[in-house]
Amino acid sequence: MHGFANPKRFLSLARWLTPLLLVSGLVVTGAALIWGLYFVPPDRLMGETVRILFIHVPAAWLGMGGWTAIAISSLVFLVWKHPLASLAARAAAVPGMVFTAICLVTGSIWGRPTWGTWWVWDGRLTSMLVLLFLYFGYIALSQAVSREGGSSKIPAIFGLVGAINIPIINRSVVWWNSLHQPPSITMGKSAIDATFMIPLMIAVVGFSLIFGGIVLARMRTLLAEVQAEARLRRKALG
Amino acid sequence: MTGSGQTGLKAKHQRLVLVVIALVAIIGAGLLAAYALRNEVNYFYLPNQMAANPPEVGQAVRLGGMVQEGSLETLQDGITVAFVVTDQENAVVNVRYSGILPDLFVEGSGVVADGRLGADGVFVADELLAKHDENYVPRELQELEQHKAAETLAATESY
């Protein structure tokens, strides 16, 4: 843990891990999507619309996973004061926001033919939209802090408080009657036939690899920014 | 040297305890709020909830449940359909709707009806939304029950 918090060791690891994650993620995702879009039979009721599943579900999980990463990094930053943890939280925010947006858009496209409506204000859809707005707030706040100056603790606290939305999203379809269906995949069993399940899980792995690659690439950029700024400041003072 | 190390460790533990207490408080508050909202956040009434606590006649509400098998019929005007919405507790509500039915609207599937309860106890829907369940089954297996489908798959795979 402490070893990886060393920026130099992190950079030497990230230098080869970033392209590895991105390339393998693209290959795996591409294979899963070709399988899902061309070789999977239509669903008994939804027909061809079922194929949106292969983008919607990984995007939803990674949208929630992005905020979980922000919350854990924020906790590590607040308690152990690792500077890299603060960067990791900022790095996870943008891909998390993009995947949340993809989840909302694909879900809406799926909802029109399946439910007969683009949008309803039920528990699941509303809490997912709140997650997107939390990402907007977090990104604006952390950028303001890094540009205008201020304590990095502020976005970290926001990241931790916002994490309360994650279990609410997860439980929303169980606690409340909602138009969105209850979870298909729970611990140890799945209501999704293996025909759909195998390409779905491969897509989840592929999208997760891409997510990890983007986070590492962004962490390297943010780290370079911090170092360039410190160097400029030293020059100005020296 | 050892003294400063010890205070450093202490401050770290102090922060950890503070953050954990704050997190527990936030999660507790969130869960309490979610619990208090459990009825208000429901997107629709189930038939047994509607029977136990009927909304006022003419008040806009949503009703959700399963379309009872064999209950769907088209009335004489040709565009109005009547059906029965049921739940697991065997409460039923009669529903009438005039308009185009969603593709996924079939007997035995989930439905959410937007409308109002009439004075005669029949729920008049303005809009129907089909509610998809959590099962995803390819067309080839649709004739089989869910568990039968799994057994068939297991059997064919073992050969």
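Everything quoted here is computed from the prediction, not taken from an experiment. In the text below, chain A, chain B and the rest are named by the order of the sequence lines, each starting its count at 1.
Neither the backbone nor the side chain of A/Ile157 comes within contact range of chain B; no heavy atoms are under 4.5 Å apart. For a residue to count as touching a neighbouring chain, one of its non-hydrogen atoms must lie under 4.5 Å from one of that chain's; by this rule B/Leu128 touches chain A with the backbone only. Residue A/Pro167 does not touch chain B at all, counting heavy-atom pairs closer than 4.5 Å. Both the backbone and the side chain of A/Leu179 come within less than 4.5 Å of a heavy atom in chain B. Of the atoms belonging to A/Val173, not a single heavy atom falls under 4.5 Å from chain B. For chain B, the nearby part of A/Leu75 is the side chain; its heavy atoms alone come within less than 4.5 Å.
Counted within 6.0 Å of CD1 on B/Ile100, heavy atoms from surrounding residues, nucleotides or ligands total 12 or fewer; the atom is thus considered open. The neighbour count for B/Glu56 CD, taken as heavy atoms of other residues, nucleotides or ligands under 6.0 Å away, does not exceed 12. Within a 6.0 Å radius of CZ in B/Arg116, more than 12 heavy atoms belonging to other residues, nucleotides or ligands are found.
Nearest heavy atom pair, residue B/Lys131 against residue A/Trp115, reads CA-CD1, 4.3 Å. Between B/Ala130 and A/Thr114, the shortest heavy-atom distance links the atoms CB-O, 3.4 Å.
For a heavy-atom cut-off of 4.5 Å, chain A lies close to B/Leu23, B/Ile26, B/Ile27, B/Gly30, B/Leu31 in residues 23-31 of chain B. Residues of residues 126-142 of chain A lying under 4.5 angstrom from chain B, judged on non-hydrogen atoms, do not exist.
The list of ring pair (Phe, Tyr, Trp, His ring centres under 6.0 Å) pairs with a residue in residues 35-58 of chain A, not counting sequence neighbours, is empty. For residues 66-108 of chain B, every residue pair satisfying the ring pair (Phe, Tyr, Trp, His ring centres under 6.0 Å) rule, not counting sequence neighbours, is listed here: B/Phe83-B/Phe105.
Listed options A/Ile168, A/Leu160, A/Val120 were ranked by heavy-atom pairs under 4.5 angstrom with chain B; first place goes to A/Val120.
Note that the NE2 atom of B/His132 and the CG atom of A/Asp43 stand 5.0 Å from one another [nearest 0.5 Å].
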